[in-house]
Amino acid sequence: MAKKKNQLDHLAIIMDGNGRWAKERHLPRFVGHREGMENIRRIALAADDLGIKVLTLYAFSTENWARPKAEVDYLMNLPIHFFDHYMPELMAHHVKVNIMGFLDELPPKTYQVTQKAMAMTAQNSGMILNFAFNYGARREIVTAVKQLVSQVQTGTLSADDIDEQHFSKALMTHQFGDYQDPDLLLRTSGEQRLSNFLLWQLAYTELSFTKKYWPDFTKEDLIQVVKDYQMRDRRFGQIESE
Ligand code: V0D
């Protein structure tokens, strides 16, 4: 653990409660999704302000396809709107966009915008804004296993060389280098479960839950979450931390 104690480098957020936010206001669900998208902009800029290096957002899981078609269609257009509206601002802040998940299953236009956003920001050196999109952790792990097995079969990898570090290299977060594992996972809207998000990477991650719905979660809330995190004593399984 070469990292500075309790520096919040990688924050992961499950942005839950957009539908309930809308329902409480007697608004259609898509208004909640739209407000949730607008809040990504605010919170991403706030996270950048606070010195967070990687912000990973859970936007759409492999299970969400079961929702009504009209809602899925609306959701699939959000990345397109997101980059149409916010790209100049992201570029001005040198934000590097990454999108991880099973992207080849997305509608073509949505897929194209993910590739364009990553290409446009690839050279940016600022905060990494990472979207977990059509992502599922178990499937990520199974995909990694298959990749390693095939390397063993072709003789480019020896089974004895598979350790935790090597395994991590086959996961979608590998490219974040020192910041692969989130320091803190935040879930909004009162639910206290992981919902198939980043299972391997969360092994030592601190957890934080708030009752606020995602569209209501503010920069001030984020500052409080960061402060609470910095007060924690992270031991990574050791007895005493240094
Ligand atoms: C809906 C709260 C941005 C969660 C935020 C389709 C509910 C708003 C994106 C997005 C969603 C995804 C990928 C990307 C850029 C932006 C997004 C979904 C839902 C799932 F590269 N907001 N947003 N994706 N909502």
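Atoms within each ligand, like the ligands themselves, are counted from 1 in listed order. Nothing here was measured: the structure is a model prediction, and the numbers come from that model.
- Both the backbone and the side chain of Leu75 come within contact range of ligand 1, each with a heavy atom under 4.0 Å.
- Residue nearest to atom 22 (N) of ligand 1, selected from Ile40, Asn18, Ile43: Ile40 (by heavy-atom distance).
- In this structure, Phe217 and Trp214 have parallel ring planes: the angle between them is below the 30° cut-off, well short of the 60° mark.
- Near Phe82, meaning under 4.0 Å from one of its heavy atoms, ligand 1 places the atoms 15 (C), 16 (C).
- Between the choices Phe133, Phe131, Trp214, the shortest heavy-atom distance to atom 9 (C) of ligand 1 belongs to Phe131.
- Salt-bridge formation is not detected for the pair Asp161/Lys169: no Lys NZ or Arg NE/NH1/NH2 atom is positioned less than 4.0 Å from an Asp or Glu carboxylate oxygen.
- If you number the atoms of ligand 1 from 1 as listed, the ones under 4.0 Å from a heavy atom of Phe83 come out as 14 (C), 15 (C), 21 (F).
- Of the options Asn39, Ile13, Ile14, Ile99, the smallest heavy-atom separation from atom 21 (F) of ligand 1 is shown by Ile99.
- With respect to the salt-bridge test (charged N to carboxylate O, under 4.0 angstrom), the residues Glu191 and Arg20 qualify.
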Distance-only donor-acceptor hits, side chain of residues 141-148, under 3.5 Å, sequence neighbours excluded:
from   : atom 1 : to     : atom 2 : distance (Å)
Thr143 : OG1    : Arg139 : O      : 2.7

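- Heavy-atom minimum distance, Pro182 versus Thr205: O-OG1, 2.7 Å.
- When the heavy-atom distances from atom 25 (N) of ligand 1 to Asn130, Leu106, Leu78, Thr110 are ranked, the shortest goes to Leu78.
- Using a 4.0 Å cut-off between charged nitrogen and carboxylate oxygen, Lys219 and Asp49 count as a salt-bridge pair.
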